[in-house]
Amino acid sequence: MFGSLLELRHDTHLSIDRLARRYGDICLLRFGNVPTVIISHPDLLQEAFGKPELADRWVSEIMDILSNRKDLVLAPYGDRWRQMQRFANRELLSARNLDNVRERYIEGIVNGLVDEMTDLGEAGEPVSPPAMVARSNSEMMFRAVFGRDEDGTGDFERLRGALLKHVNWIFGNATATNLADYIPWMRFLPNNALTQAVRQFEIGTAITDSLVEGALNRPGLDLSAPTCLVEVMLAEAKTGEIESDMINDLCMDLLIAGTDTSAQTVSWTLLLLANRPEVQAKVHAELDEVIGPDALPTVDDRTRLPYTFACLAESMRYRTIGPLAVPHQARQDTEVGGYLVPAGAQVLGNIYSIHHDPRFWDAPDDFIPERFLPDSDGAPAATLTSNAFIPFGTGHRRCPGRRFAETTAWLHITRMLHRLRFETPDGRPLSEDEVFGLAISPQPYSLKVARRLSGG
Ligand code: HEM
C-alpha cells in the first residue's frame, strides 16, 4: 500500500473516488498501518455519521500539535466537544449574531470587493477572483470574530497580519499527507513540518491570547450588546455557558474552517459561470428582473432568485470543496449497513463520490443548475434536501457554519453578478481542474470584467 499512499498525496479525493468505484459503497483499506473505511453511499454515510461511536476525529500528527485535540473541529465526541458544538449552533453562529456581523462588517467588505473589481474592469485590467476573494474572506472572517480596531495603537492591525500569516501556514501545511501518520517507523526521521508546527502552535496561541485580551479590555465594552463573535464568546464565558479556555480554540476554528471554504465556493462559482456565458446570462436576466438597477440583492432574496441560488448549489455539488469531510474515527467496533468498522479505524465520508454518483444524479459530470430549481408548484427542489447532496456533511459532526457560509457566498455571488459580467480572457473556457488542499480550489485564474448596471 506504500505506492497507493504516495498516490494519495496528490488529488487525494480523486484517488479515493477510484478506490470507491473499485471496492464498493463501503470498503476497508489499509493505508500503511491505519485501517481506513471509505463510505461512498448516502444512506450508509447518514447511518455511520449519525452514530456517536463514529463521531470521534482521526487526527494527523501535525493537527494534533496545532490543536491539542481541544477545539470544536478536532475534539473527540464528548462533553467538551458537545458544549462547544451546542454553543456554536445555538448562539455563536445563530441567525441573530450572523445578522449583527453581516450588517457591521460583511456587507461593507463585499461591497468593497465589488467596487475594486469594477475599478479594475473600467481600467481595462483583469481581475483574479481566487486571490481577491480569499483576501476579502479572510478580512471578513477576522472582522466577524474580532471586530474593528478601536484603540488606534496599531496593535490590532499588527496582530491581524500575524494571525492571517499563521492561518495561511496552516492552510499550506495541514493537509500535506504526512507518511509518518501511516508508517510508524517514519516518525523517527526528521520532519521539518512537524518541527515548524510546534513553533506555529506557540505563535497562534500568543496571537489569539493578545486579541482576546484586547477585546476584553476594549474601551466601552458592553457584553450585553456584543459587536463581534469574540464578544459573544466572552459574554457566554462570563455566565459559565462555555469555559474561558474554549475561546481561543473557537476563534481559530472560525478562522480556519470558515475562511478558505467560503472563498473557494465563491471562486468556483465565478469560474463556472465565466466558462458558461449562457448560464451567466440567465443569472443576469433574473437579477435584472427581480432586483433591478436601483437596489442591491440581499440575504432575503434567495427564494426570489431561484436560478441564481441553483447555480450556487450546483457549484457546491459539481466542485465539492470538502470532498472527504473531516476524517472521523471509530471509538469501538461498530456496524454500518451490516459491515464491521473496526475500533480505531479512520472513517472517510466520501462526499465527492456521492456528489458524482450517476445513481443519484443525471449526468453528474455536467454543470446543470436546473436540477436545483423549485418544483412547478414552487416547493424547494427535492435534490436540495436529498441525502446525496451533503456539501456540509451529515450527522453529529456536520458543519455548524452552514448558515454563515451560505450567507457570505450568496452576498458575494449576487452582488458581483448584479453589477458585473465576467468573461474568460480569450473567450475559451478555463481549466476546471481541482487543486487538493484544506478546501479544494480551482487553479489560479484571471477574468475580464465589465460593468453592466449604472446603479448597484
Ligand atoms: C461553503 C463553505 C463550507 C463548507 C462546504 C463546509 C463543509 C464542512 C464539512 C464537510 C465539515 C465536516 C463534516 C464532518 O466531518 O462530518 C465541516 C465541519 C466544520 N465546519 Fe464547515 N464548511 C463550510 C464553511 C464553514 C464556516 C463558514 C464555518 C464557520 C463559520 C465552518 C465551521 C465548521 C466547523 C467548526 C466544523 C467542525 C464541526 C465538528 O467537528 O463538530 N464551516 N464543514
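Keep in mind that what you see is a predicted model, and the values were worked out from it rather than measured. In each ligand, atom 1 is the first atom listed, and ligand 1 is the first ligand listed.
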S.K.: Close to atom 21 (Fe) of ligand 1, meaning under 2.8 Å, how many protein N, O or S atoms are there?
M.R.: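 Atoms of protein N, O or S type lying less than 2.8 Å from atom 21 (Fe) of ligand 1 total 1.
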S.K.: List in chain and number order the residues that pass ring pair (Phe, Tyr, Trp, His ring centres under 6.0 Å) with Phe87, two or more places apart in sequence or in another chain; answer none if no residue qualifies.
M.R.: none
S.K.: Measuring from Glu213:CD to Asn248:CG, what's the distance to the nearest 0.5 Å?
M.R.: 10.5 Å
S.K.: Out of Arg398, Arg403, Arg57, who gets a non-hydrogen atom closest to atom 15 (O) of ligand 1?
M.R.: Arg57
S.K.: Would you check if there is a donor-acceptor pair between the side chains of His412 and Thr269 at a distance under 3.5 Å?
M.R.: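 No donor-acceptor contact under 3.5 Å links the two side chains.
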S.K.: With His41, which residues qualify under ring pair (Phe, Tyr, Trp, His ring centres under 6.0 Å), at least two apart?
M.R.: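 So His41 forms a ring pair (Phe, Tyr, Trp, His ring centres under 6.0 Å) with Phe360.
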S.K.: What residue and atom, counting heavy atoms only, is the protein's closest point to atom 1 (C) of ligand 1, and at what distance?
M.R.: Thr265 OG1, 3.2 Å
S.K.: If you compare all heavy atoms of Pro297 against all heavy atoms of Ile291, which two are closest, and at what distance to 0.1 Å?
M.R.: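 Closest heavy-atom pair between Pro297 and Ile291: N-CG2, 3.8 Å.
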S.K.: Side chain or backbone of Gln85 under 4.0 Å from ligand 1, or both, or neither, by non-hydrogen atoms?
M.R.: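 It is neither part, as no heavy atom is under 4.0 Å.
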S.K.: Relative to the ring of Trp361, is the ring of Phe372 parallel (under 30°), tilted (30 to 60°) or perpendicular (over 60°)?
M.R.: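 It falls in the tilted class, 30° to 60°.
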S.K.: Quick one: closest heavy-atom pair of Ala48 and Ile39, and the distance?
M.R.: CB-CD1, 3.5 Å
S.K.: Give me the residue, atom name and distance of the protein heavy atom closest to atom 39 (C) of ligand 1.
M.R.: Arg397 NE, 3.4 Å
S.K.: Once you restrict to heavy atoms under 4.0 Å, what part of Ile321 touches ligand 1? Side chain, backbone, both or neither.
M.R.: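 Contact part for Ile321 vs ligand 1: side chain (C-beta onward).
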S.K.: Which residue holds the protein heavy atom closest to atom 41 (O) of ligand 1, what is that atom called, and what is the gap in Å?
M.R.: Trp81 NE1, 2.8 Å
S.K.: Would you mind listing which atoms of ligand 1 come within a distance below 4.0 Å of any non-hydrogen atom of Met316?
M.R.: 1 (C)
S.K.: Which residue from Arg82, His328, Met141 reaches closest to atom 14 (C) of ligand 1 through any of its heavy atoms?
M.R.: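 Shortest heavy-atom distance from atom 14 (C) of ligand 1: His328.
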S.K.: Side chain, backbone, both or neither: which applies to Glu406 and ligand 1 if a contact is any heavy-atom pair less than 4.0 Å apart?
M.R.: neither
S.K.: Considering non-hydrogen atoms of the protein only, which is the closest contact for atom 7 (C) of ligand 1, and what is the distance?
M.R.: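 Checked against all protein heavy atoms, atom 7 (C) of ligand 1 sits closest to Pro391 O, 3.4 Å.
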S.K.: Check for a donor-acceptor pair, side chain of Arg57 on one end and backbone N or O of Val73 on the other, with a separation under 3.5 Å.
M.R.: yes
S.K.: For Leu72 and Arg397, work out which heavy atoms get closest and say how close.
M.R.: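 Closest heavy-atom pair between Leu72 and Arg397: O-NH2, 2.9 Å.
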S.K.: Give the atoms of ligand 1, by number and element, whose distance to some non-hydrogen atom of Val326 is under 4.0 Å.
M.R.: 12 (C), 15 (O)
S.K.: Considering only heavy atoms of Leu254, which atoms of ligand 1 have at least one such atom less than 4.0 Å away?
M.R.: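 Ligand 1 atoms under the 4.0 Å threshold to Leu254: 29 (C), 30 (C).
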S.K.: What closest approach, in Å, do His356 and Arg317 show between heavy atoms, and which atom pair accounts for it?
M.R.: CE1-O, 3.5 Å
S.K.: Can you list every pair that meets ring-ring contact (aromatic ring centres under 6.0 Å, His included) and has a residue in residues 228-275, with sequence neighbours left out?
M.R.: none
S.K.: Stepwise, does the side chain to side chain contact (heavy atoms under 4.5 Å, CB included) test hold for Tyr77 with Glu53?
M.R.: CA-CA 8 Å; Tyr77 182 85; Glu53 301 89 321; over 6 Å; no
S.K.: Closer than 4.0 Å to some heavy atom of Val73 - which atoms of ligand 1 meet that?
M.R.: 35 (C), 37 (C), 40 (O)
